[in-house]
Amino acid sequence: MKQTIIAITVVFAFTSCKTIKTDNNQNLKEGIKMETISKLSNKQKTLAVLKSIETGDKNAVAFINPTNYTQHNLAVADGLAGFGALLSHAPEGGFKVNTVRAFEDEDYVFTQTAYDFFGPKIGFDIFRFENGQIVEHWDNLTAVLPKNASGHSQIDGTTAITDLDKTTANKTLVHNFVKDVLIDGKMEKLSNYFDGDNYIQHNSQIADGLSGLGAVLEGMAKQGIAMVVTKTHKVLGQGNFVLAISEGTFAGKATSYYDLFRVENNKIAEHWDVMETILKESDRKNTNGKFNFHN
């Protein structure tokens, strides 16, 4: 497997060099027919790229723009060369990738994935497409943790995408919830967004229901731990699933919040999340910013 990872790393690095000519003939030589590629959805391309981290499938490189790829993971150098350098450090046995949920919203695809990537992790990834190729990537990663008090893991629960006709309304609902409750602290508005205490929670530290959330917030307050959300940078959705990407602080540290909500009957019914401490500028390997989304 390590030889496979090294092989794909070489392809990524070479593809990004101007001295290597990339054209349709080269793609055909690697077994990719451009007419087939054009028929794939952006979601299918994204899943292929993520799985290639595990399998070393070099064909997936064709789904990434070789000369225009912006990286927002601050621990990874910019461009395909940076991605290739990361893969070159694969441990013996390689990486493991299991994408549990994948969604499309116009030019964006966002996914929830269980990784064995320098240790077991759960992550949300966001990819932006232009002309059928990936040109930009954002993510939030966290360690795998035990199930919460209600017996839910960080990734279990329903995966079925429904209510496609309600995508815009559901995105508005989540945007308003984050603004009213998480940013402005208007707790009296909670009843507008939830069906009583019927709420499934996948955060490993919080039990189901608003009562579970309230208990944790109360405990944090007693310990002097503050969770602050100051700005929502992007809200993406497909049907009953909506992902909100926000910024703030947790226990005084700059934090990126990725919150995935499932909406049912115009109420928030289920929640998954990943919180990640934002790297200090001195530790960053690119200057693209953690957020900087296109509107």
Side-chain angles (χ1 to χ4, degrees), residues 72 103 105-106 108 110 112 124 126 138-140 142 148 150 152 154 157 163 166-279 289-295:
H72 293 275
F103 312 95
D105 186 346
E106 296 184 346
Y108 290 89
F110 57 103
Q112 185 185 28
F124 287 106
I126 301 171
W138 300 258
D139 66 353
N140 244 30
T142 191
N148 64 19
S150 298
H152 304 302
Q154 292 159 285
D163 300 330
K166 295 182 178 180
T167 296
T168 300
N170 289 341
K171 288 170 66 175
T172 299
L173 176 79
V174 167
H175 180 273
N176 290 342
F177 164 71
V178 174
K179 177 67 168 62
D180 286 344
V181 178
L182 300 184
I183 295 177
D184 294 340
K186 297 178 180 178
M187 305 304 289
E188 70 275 9
K189 291 193 173 186
L190 275 174
S191 60
N192 295 342
Y193 300 105
F194 296 90
D195 179 18
D197 207 35
N198 297 317
Y199 172 53
I200 301 172
Q201 176 64 258
H202 294 272
N203 183 299
S204 61
Q205 305 299 317
I206 307 174
D208 283 352
L210 293 179
S211 55
L213 176 61
V216 169
L217 292 177
E218 182 180 354
M220 287 170 52
K222 289 180 179 179
Q223 298 176 59
I225 300 173
M227 184 182 77
V228 178
V229 180
T230 56
K231 181 178 181 179
T232 300
H233 287 274
K234 194 74 175 175
V235 176
L236 298 168
Q238 184 178 19
N240 54 330
F241 285 92
V242 179
L243 178 67
I245 301 94
S246 306
E247 180 178 7
T249 60
F250 184 81
K253 295 181 179 180
T255 300
S256 171
Y257 297 99
Y258 278 46
D259 292 277
L260 180 67
F261 300 92
R262 182 176 63 83
V263 180
E264 184 177 332
N265 298 323
N266 303 314
K267 300 289 184 179
I268 294 172
E270 198 162 4
H271 171 251
W272 301 258
D273 70 332
V274 168
M275 293 168 43
E276 183 181 298
T277 301
I278 300 173
L279 282 180
K290 180 68 175 174
F291 305 102
N292 293 347
F293 288 93
H294 291 244
N295 294 324

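Values reported hereafter were calculated over all heavy atoms of this structure, with side chains retained and with hydrogens, waters and symmetry mates removed.
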Here the gap from Leu236 atom CG to Phe293 atom CZ, rounded to the nearest 0.5 Å, amounts to 7.0 Å
Those residues at least two apart in sequence (or on a different chain) that pass side-chain contact (heavy atoms from CB on, under 4.5 Å) with Asn240 are Ile161, Thr162, Asp163, Arg262
Shortest non-hydrogen pair, Gly239 vs Asn170, comes out as O-ND2, 2.9 Å
**Q.** NE2/His175: more than 12 non-hydrogen atoms of other groups inside 6.0 Å
**A.** no
As a quick check of understanding, evaluate side-chain hydrogen bond (donor to acceptor under 3.5 Å, both in side chains) for His271 and Asp259, giving each step before the final call.
CA-CA 7 Å; His271 171 251; Asp259 292 277; 2.7 Å; yes
Subject >> Test: Lys290 and Glu276 ion pair at under 4.0 Å >> reply: yes
Donor-acceptor pairs under 3.5 Å, side chain of residues 212-223 to any protein atom, not counting sequence neighbours: which ones?
| residue | atom | partner | partner atom | Å |
| --- | --- | --- | --- | --- |
| Gln223 | NE2 | Gly219 | O | 3.4 |

With Phe241 as partner, the option from Phe103, Phe110, Phe261 fulfilling ring-ring contact (aromatic ring centres under 6.0 Å, His included) is Phe103
query = Does Asn148 reach the main-chain N or O of Ser150 with its side chain, forming a donor-acceptor pair under 3.5 Å?
reply = yes
Short side-chain donor-acceptor distance under 3.5 Å, His72 and Asn292
no
Problem - Salt bridge Asp184-Lys189, side-chain N to carboxylate O under 4.0 Å - result: no
Closest heavy-atom pair, Val178 versus Ala244, reported as atoms and distance to 0.1 Å, is CG2-CB, 4.1 Å
